[in-house]
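Remember, it's 1-based here, ligands and their atoms both numbered in the order they're listed.
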Amino acid sequence: MKDIFDNIIKNNIDFIKDGKVASYIPELAKSNPSDLGVYLITLNGQEYYAGDYNKKFTMQSISKVLSLMLSLIDNGEEVFEKIGMEPTGDSFNSIVNLELKSIHKPFNPMINAGAIATTSMIKGNSTDEKIKRILDLAKKLSNNPNIKINEDVYLSEKTTGDRNRSLAYFMKSYNVIEGAVDDVLDVYFKQCSIEVTCKDIANMGCVLANDGISTKTGKKLVSKHICRIIKTLMSTCGLYDASGEFAVHIGIPAKSGVGGGILAAVPRKMGIGVYGPSLDEKGNSIAGIQILKELSEKLDLNIY
Ligand code: DON
């Protein structure tokens, strides 16, 4: 293992030059495209890391795992009366299927429309209470009480989030989401702006890999059933319109975000967090995917 981690950044760093950092959220454009890091935690507590594993980045779409988890905790599988379970083959912020299909619900909880809908189903008396519940979940799953929202990224998302606004108003018109659109979006923009490191998302991956039980405290944080639903949707939809290719080449349940992170959960084995803000054209970390490919091949992690 040491040998793999000594060389893993060197083996994959060249891929970053074929990608670009996200710029549609201005604050994300400030990320350093050369950053690349990885953190792996096994369920029996061994930790391996390399590169920029300590750099902070925002969860972005990885937070879709948190809002799906909390909406399932709050509502059970009623969530799927409003949101589907099928991959789209379209980009993460696509609006096309919402209008064209006869049932106007988002295809799955891992695309923007689906995540805005799961966020709207989280219970709480105010937007502050809802975001606090999401943040508390992030702290518990990562075993890190210091996790915070990056206010600059949040404001940048809020100022430029017109596509998400249009998705939300469209869904509101079909009663997919209830409540005030601005409030739902405020929670969504804040959850996307939760700041983490590779270690934090590796720990989150461990809880999913371990069927909901924290390997750090032994506490049950979420049910096995919910973990199974989430890992399944990560496998089929976690990398948007690259999910099929990722399943064929890597074969690990994973969720990416345009901040450059990818959270991976290898059932009954380990959690892995990677960070590399240089993205491919589908919005996934270009070198991060290659790191996961190397780990999957060398450690025989493909679940299929
Ligand atoms: O809603 C957005 O556009 C971003 N806050 C998150 C999207 C995202 O991470 C898609 N990822 N690959």
Requested in this report: Say whether G283, considering both its backbone and side-chain N or O atoms, lies within less than 3.5 Å of an N or O atom on ligand 1.
Outcome: yes
Requested in this report: Look at K123 together with D74 and state whether they make a salt bridge at an N to O cut-off of under 4.0 Å.
Outcome: no
Requested in this report: Would you check the N or O atoms of Y188, main chain and side chain alike, for any that come under 3.5 Å of an N or O of ligand 1?
Outcome: yes
Requested in this report: Report yes if some N/O of Y24 lies less than 3.5 Å from some N/O of ligand 1; otherwise report no.
Outcome: yes
Query raised in the report: What part of N112, side chain from CB on, backbone N/CA/C/O, both or neither, has a heavy atom under 4.0 Å from ligand 1?
Result: side chain
Query - Hphob cluster co-occupancy, Y48 + L43, side-chain heavy atoms under 4.5 angstrom - result: no
Query - K282 N/O to ligand 1 N/O under 3.5 Å - result: no
**Report entry** Charged N-O contact under 4.0 Å between E297 and K293
**Finding:** yes
Report task. Please state which part of C192 comes within less than 4.0 Å of ligand 1, counting heavy atoms only: side chain, backbone, both or neither. Result -> side chain
Query raised in the report: Taking atom types as modelled, is there a side-chain donor on S126 or D128 under 3.5 Å from an acceptor on the other?
Result: no
Query - Sidechain N-carboxylate O distance under 4.0 Å for K140, D136 - result: no
Query - Spacing of Y24 atom OH and E157 atom CD [to the nearest 0.5 Å] - result: 6.5 Å
Query raised in the report: Using 4.0 Å as the upper bound for N to carboxylate O, is an ion pair formed by R268 and D211?
Result: yes
Query raised in the report: Are the side chain of N108 and the backbone N or O of E86 linked by a donor-acceptor pair below 3.5 Å?
Result: yes
Query raised in the report: Considering only heavy atoms of N164, which atoms of ligand 1 have at least one such atom less than 4.0 Å away?
Result: 1 (O), 2 (C), 3 (O)
Requested in this report: Write out the residue and atom name of the closest protein heavy atom to atom 7 (C) of ligand 1, then the distance separating them to 0.1 Å.
Outcome: S61 OG, 3.0 Å
**Report entry** F189 to ligand 1, any heavy atom closer than 4.0 Å
**Finding:** no
Report summary line: All heavy atoms of P87 vs all of T236, minimum pair found to be CB-O, 3.7 Å
Report task. Decide whether an N or O pair under 3.5 Å exists between V258 and ligand 1. Result -> yes
Query raised in the report: So which heavy atom in the protein is nearest atom 11 (N) of ligand 1, and how far is it from that ligand atom?
Result: Y240 OH, 2.8 Å
Query raised in the report: Are P277 and N32 close enough that some pair of their side-chain heavy atoms sits under 4.5 Å apart?
Result: no
Requested in this report: Check L279 against ligand 1 and report side chain, backbone, both or neither, counting heavy atoms closer than 4.0 Å.
Outcome: neither
Query - Close-contact set for ligand 1 against Q60 heavy atoms, below 4.0 Å - result: 4 (C), 5 (N), 6 (C), 9 (O)
Query raised in the report: For ligand 1, which part of E157 has a heavy atom less than 4.0 Å away: the side chain, the backbone, both, or neither?
Result: side chain
Query raised in the report: At a 4.0 Å threshold, what atoms of ligand 1 neighbour a non-hydrogen atom of G257?
Result: 9 (O), 11 (N), 12 (N)
